[in-house]
Protein chains: 2
Amino acid sequence: MRLVIARCSVDYVGRLTAHLPLATRLVLVKADGSVSVHADDRAYKPLNWMSPPCSLAEGTDEAGAILWTVTNKAGERLLISIAEVLHDSSHELGVDPGLVKDGVEAHLQELLAEQPHVLGDDGWRLVRREYATAIGPVDLLCRDSAGAAVAVEIKRRGEIDGVEQLTRYLELLNRDPLLAPVTGVFAAQEIKPQARVLAEDRGIRCVVVDYDALRGVDDAEARLF
Amino acid sequence: MRLVIARCSVDYVGRLTAHLPLATRLVLVKADGSVSVHADDRAYKPLNWMSPPCSLAEGTDEAGAILWTVTNKAGERLLISIAEVLHDSSHELGVDPGLVKDGVEAHLQELLAEQPHVLGDDGWRLVRREYATAIGPVDLLCRDSAGAAVAVEIKRRGEIDGVEQLTRYLELLNRDPLLAPVTGVFAAQEIKPQARVLAEDRGIRCVVVDYDALRGVDDAEARLF
DNA sequence: TTGTTGATTTCGGCA
DNA sequence: TGCCGAAGTCAACAA
């Protein structure tokens with residue numbers, strides 16, 4: 001990653017045409033070849049940029065000033081005319097490790113594992129998270145107040161595939177005499193109408209969970225310790 | 001603007017929960033108080049960020065390591081745990097004079113308004129841009145060589161909604177005895193196959209316009225004066 | 001590869 | 001101030 005602070009003017013010709021008058025800005029050249037131009041405001045959006053794949057050529061214009069030309073395959077061009085370089089440094093960062101975001105789904109699972117009563121009543125108990133089956137792990141396996149087994153599939157957005165997935169788990173789990181009869185709960189922040197119809201048609205109960213409320217309860221409990 | 005290259009791990013708790021394992025990254029602190037964390041790829045979007053208004057506190061965690069805590073009014077928190085600082089520099093940038101940009105759709109409309117023959121033949125005349133109807137303005141209303149009214153919908157990318165929109169306008173315009181019969185032209189830099197099929201099925205003619213060529217003609221004409 | 005959809009969307013216009 | 005729609009949307013995922 002190369003960081004350049006420079007007085008520069010910038011022109012972009014591509015999907016639109018844009019011009020930045022001469023001013024001091026940060027020019028960020030990343031290892032993937034992308035270039036972005038930042039002002040000292042707007043947290044996240046560059047004033048101008050070129051997404052990879054693209055190539056950067058350093059040269060001079062007719063007047064002898066430094067001119068960076070960034071082009072991509074589509075013929076879009078970002079021209080950075082540099083009047084004065086105030087800082088220029090390069091840094092080896094390496095590849096950023098794997099997954100960036102802890103998705104909501106994992107966190108939802110965690111929260112529901114701590115508060116299974118949200119799925120039924122205060123008598124509900126968690127048996128296991130990621131309960132293993134031959135066709136993959138069930139998100140949660142619980143016991144309801146009556147002691148009956150319940151398989152829970154958790155999604156951020158509940159769509160038809162999630163119902164299908166839970167259906168397959170239920171079919172398998174119900175072959176186990178120690179568990180059967182196993183009922184199903186389909187829990188999501190949002191459940192699509194088609195998914196709900198399919199689920200209910202198969203006797204699977206749908207629960208729309210309130211992520212913020214779950215987290216709130218979680219935080220409140222955490223504060224007790 | 002402060003540029004810090006550091007080995008760090010990052011946690012964000014706010015609208016969602018996210019975690020970035022220890023790695024070398026760029027931490028960008030802007031004059032508006034915003035903080036963003038960049039990896040060595042993706043021109044546009046940081047891995048994590050906090051938009052202004054927010055406040056940055058530098059401290060140490062229990063283990064004595066450097067811990068930056070960025071918070072905003074909504075209670076969202078960005079925690080940056082710094083294991084090693086590889087670079088740290090600050091720069092005065094001043095206020096950016098701002099971006100001058102030409103939107104494509106508006107510009108396309110302007111160019112086609114100047115060159116309606118592109119949509120038909122040299123006999124075409126523009127009646128009005130943004131021709132008002134009860135359900136919104138039609139981009140262009142023209143008269144063809146035979147004097148018949150033509151409603152023109154302009155998009156950068158022609159998709160189905162654009163065809164639906166034009167269809168609604170045509171239905172309305174055709175109720176006006178001073179205009180009827182009104183035909184339709186769907187003009188875009190790029191027209192999706194599904195949109196084309198729908199349009200042609202409804203008797204709407206599709207015109208793919210060459211933005212650069214239009215602009216070229218425009219520039220050439222401008223040069224005459 | 002193409003299309004669809006969500007996003008810590010951001011950003012602007014307009015009522 | 002809030003809704004609605006576009007964005008050089010970007011980016012992830014499904015078909």
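Labels below follow one simple rule: chain letters A, B, ... track the order of the sequence lines, proteins then strands, and each chain is numbered from 1. Because the structure is predicted, anything quoted here is derived from the model rather than measured. Below, each value reflects all heavy atoms present in this structure, side chains not excepted, and no hydrogens, waters or symmetry copies.
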The ring-ring contact (aromatic ring centres under 6.0 Å, His included) partners of B:His91 (sequence neighbours excluded) come to A:His87
The ring-ring contact (aromatic ring centres under 6.0 Å, His included) partners of B:Trp49 (sequence neighbours excluded) come to A:Tyr44
The contact string for nucleotides 9-15 of chain D, one letter per nucleotide 5' to 3', using protein heavy atoms under 4.0 Å with B, S and - for base, sugar-phosphate only and none, comes out as SSSS---
B:Val197 meets the side-chain contact (heavy atoms from CB on, under 4.5 Å) criterion, sequence neighbours left out, with none
**Prompt:** What integer number of Å spans the P atoms of D:dA11 and C:dC11?
**Reply:** 16 Å
Gap in Å between the two P atoms, one belonging to D:dG8 and one to C:dT5, rounded
22 Å
Sorted by chain and residue number, the side-chain hydrogen bond (donor to acceptor under 3.5 Å, both in side chains) partners of B:Glu58 (sequence neighbours excluded) come out as B:Arg2, B:Trp68
Applying side-chain hydrogen bond (donor to acceptor under 3.5 Å, both in side chains) to B:Ser34 and not counting sequence neighbours gives B:Asp32
Atom CD of A:Glu159 and atom P of C:dT5 are separated, to the nearest Å, by 9 Å
note: A:Asn48, atom CG; C:dT10, atom C1'; distance rounded to Å ~ 16 Å
inquiry  = For A:Leu79, is there any backbone N or O sitting under 3.5 Å from a side-chain donor or acceptor partner on A:Asp11?
reply    = no
